[in-house]
Peer 1: 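Okay, here's the structure, questions in a sec.
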Protein chains: 2
Amino acid sequence: MPAKRLATRDRIITAAGELFYDEGIDRSSMEQIASRAGVTKRTLYYHFRSKDDLVGFWLEQLDKSVRANYRLWLHSAPGRIEARLRHMFGRLAELTCNPRWKGCGFARAANELAGLPGHPGVIAAKTHRKRFEAWFVEELRADGIEPAERLARRMVLLLDGAITQALLHHDPAYVHEAGDTAADLVHAARRLSATDRVDGFAA
Amino acid sequence: MPAKRLATRDRIITAAGELFYDEGIDRSSMEQIASRAGVTKRTLYYHFRSKDDLVGFWLEQLDKSVRANYRLWLHSAPGRIEARLRHMFGRLAELTCNPRWKGCGFARAANELAGLPGHPGVIAAKTHRKRFEAWFVEELRADGIEPAERLARRMVLLLDGAITQALLHHDPAYVHEAGDTAADLVHAARRLSATDRVDGFAA
DNA sequence: GTCTATAGCTTGATAGAC
DNA sequence: GTCTATCAAGCTATAGAC
């Protein structure tokens with residue numbers, strides 16, 4: 001596979017992603033995507049069988065960068081996970097203040113494509129959120145919280161709630177409130193965590 | 001204003017709402033809406049200036065029925081608000097199991113129309129969620145929880161998180177988990193509520 | 001208030017040359 | 001792998017009769 005092919009393909013995905021995110025999937029045409037990528041529609045259809053497929057590839061690529069981003073946010077602060085979760089939500093709150101922020105690409109796609117269960121974009125969005133939840137389980141366990149499954153689920157619930165409210169009201173206070181709630185829940189759970197008590201002896 | 005005019009207008013809004021909810025706003029055409037309502041496009045445009053306006057009127061009508069529904073759910077169970085919130089989330093969980101359920105119409109609209117801040121549908125969705133939050137404040141206060149503002153905000157965060165997760169995974173467990181979290185948070189807050197202690201003396 | 005008819009444009013996707 | 005050219009269908013919205 002020659003390098004140029006990949007460059008064109010990536011350029012198309014980037015252009016498509018920008019339009020899908022800014023305008024919505026249905027409101028972005030293949031014409032606009034091709035134009036922004038600097039190719040013709042024929043080239044676009046050479047690389048992607050359909051618009052639906054293109055949406056799927058976009059979200060699969062976005063999955064990697066978004067999860068890497070949250071991982072960075074959670075690990076760029078010191079202390080226990082309570083404090084680091086609060087920090088992570090704080091960084092999200094900052095992001096939502098940017099006028100270019102328009103919600104979560106996965107939630108946007110899932111809502112816009114709610115009537116099409118088998119759509120590649122819907123499948124990619126589901127997969128992304130499942131990975132996100134599994135990641136929270138890992139992070140909570142790494143900080144000595146056990147069992148972590150239910151608490152991880154509560155974290156994704158708060159995160160998605162914060163994203164919806166921020167999209168509606170453009171008010172970072174909702175995201176901060178979600179972060180405080182997340183920290184409160186972890187704090188309360190820690191007292192019940194046997195693993196933590198063992199760590200306490202070791203420390 | 002003659003009765004027939006209102007009947008036609010309502011029939012159009014109903015038909016539009018069904019299509020907007022099932023297929024999405026952009027994927028529903030004025031042609032389909034007119035056909036489902038049993039009128040021609042010309043009649044449709046006689047009653048509504050544009051498709052955007054029609055979206056706004058649909059959500060304004062939906063606001064009333066959705067809030068009445070949640071009010072019913074919260075009041076159709078006995079006991080303190082902790083238990084009644086759990087019951088409310090339980091009813092929502094049942095609803096999300098219905099294959100016709102495709103998320104929240106307001107969240108769907110806000111996500112699909114994220115690039116159009118002044119759109120009538122976006123404004124209606126914002127207004128709806130603000131009313132919802134204010135209603136939670138009332139209900140918490142009526143049960144002796146004070147202050148109620150932050151807790152009410154946490155309730156809408158959990159509700160919106162539950163809706164997004166249920167839309168993605170079609171798994172009622174997320175909604176039940178949100179309900180349990182809501183009950184836990186209220187339970188923890190009640191111990192700090194001075195008003196409750198006073199009620200305790202009075203009871 | 002409702003109809004038939006249509007303007008004017010854009011859509012996703014394809015044909016065939018090179 | 002990329003191009004020019006184009007398809008058939010669908011879109012929002014409007015004109016003018018009754």
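Note that this is a predicted model, so its numbers are computed, not measured. Each chain gets a letter, A, B and so on, in the order its sequence line appears, and its residues count up from 1.
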Peer 1: Where do A/Leu59 and A/Gly121 come nearest, in terms of heavy atoms and distance?
Peer 2: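 That would be CD1-O, 3.3 Å.
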Peer 1: Can you list every ring pair (Phe, Tyr, Trp, His ring centres under 6.0 Å) pair that touches residues 14-38 of chain A, not counting sequence neighbours?
Peer 2: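 Output for this query lists A/Phe20-A/Trp58.
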Peer 1: Main chain of A/Lys102, side chain of A/Arg108: is a donor-acceptor contact present, judged purely on distance under 3.5 Å?
Peer 2: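 Yes, A/Arg108 side chain to A/Lys102 backbone: donor-acceptor pair under 3.5 Å.
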Peer 1: I want to confirm an ordering. Mapping B/Lys41 and A/Asp26 to their closest nucleotides on DNA chain C, which one lands closer to the 5' end?
Peer 2: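 Mapping each residue to its closest nucleotide by heavy atoms, the 5'-most match is B/Lys41.
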Peer 1: Inspect the surroundings of NE2 in B/His75 and state if more than 12 heavy atoms from other residues, nucleotides or ligands are less than 6.0 Å away.
Peer 2: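 Count over threshold, so yes.
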Peer 1: Is the phosphate of C/dT2, meaning OP1 or OP2, less than 4.0 Å from a side-chain N or O of B/Tyr46?
Peer 2: no
Peer 1: How close or far is atom P of D/dG10 from atom CD of B/Glu23, stated in whole angstroms?
Peer 2: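 Whole-Å distance recorded here is 14 Å.
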Peer 1: From the set C/dA13, C/dT4, D/dT12, return the single nucleotide nearest to any side-chain atom of B/Thr40.
Peer 2: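 Within the option list, the nearest is C/dT4.
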Peer 1: State whether B/Phe132 and B/Arg67 meet the cation-pi test: NZ (Lys) or CZ (Arg) under 6.0 Å from the six-membered ring centroid, and within 45° of the perpendicular axis.
Peer 2: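 Checked: cation-pi criterion not met.
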Peer 1: Please report the distance, rounded to the nearest Å, between CD in B/Glu31 and P in D/dA9.
Peer 2: 14 Å
Peer 1: Does the cation-pi check pass for A/Arg129 over B/Tyr174, that is, NZ or CZ under 6.0 Å from the six-membered ring centre and within 45° of its axis?
Peer 2: no
Peer 1: Among D/dG1, C/dT14, D/dT12, which is the nearest nucleotide to the side chain of A/Tyr45?
Peer 2: C/dT14
Peer 1: Could you give the CG-to-P distance, from A/Leu44 to C/dT14, as a whole number of Å?
Peer 2: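 Checked: the CG to P distance equals 12 Å.
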Peer 1: Tell me the interatomic distance from A/Ile33, atom CD1, to C/dT11, atom C1', rounded to whole angstroms.
Peer 2: 12 Å
Peer 1: Would you say B/Glu139 and B/Tyr70 are linked by a side-chain donor-acceptor pair, where the criterion is simply a distance under 3.5 Å?
Peer 2: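 Judged by distance alone, the side chains do not pair up.
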Peer 1: So, OP1 or OP2 of C/dT2: does either fall under 4.0 Å of a side-chain N or O from B/Thr8?
Peer 2: yes
Peer 1: Among residues 13-22 of chain A, which residues get a heavy atom nearer than 4.0 Å to DNA chain C?
Peer 2: none
Peer 1: For residues B/Val175 and B/Phe89, report the shortest heavy-atom separation together with the two atoms involved.
Peer 2: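 For B/Val175 versus B/Phe89, the nearest heavy atoms are CG1-O, 3.3 Å.
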Peer 1: Among C/dT11, D/dT2, C/dG12, which nucleotide has an atom closest to any side-chain atom of A/Met30?
Peer 2: C/dG12
Peer 1: Write down the protein N/O and nucleotide N/O pairs, taken from nucleotides 16-18 of chain D, whose separation is under 3.5 Å; answer none if there are no such pairs.
Peer 2:
{"residue": "D/dG16", "atom": "O6", "partner": "B/Arg42", "partner atom": "NE", "Å": "3.0"}

Peer 1: Which heavy-atom pair separates A/Ser50 from A/Met30 by the least distance, and what is that distance?
Peer 2: C-CE, 4.2 Å
Peer 1: Select one nucleotide: of C/dG12, D/dT12, C/dA13, the one nearest the side-chain heavy atoms of A/Ser29.
Peer 2: C/dG12
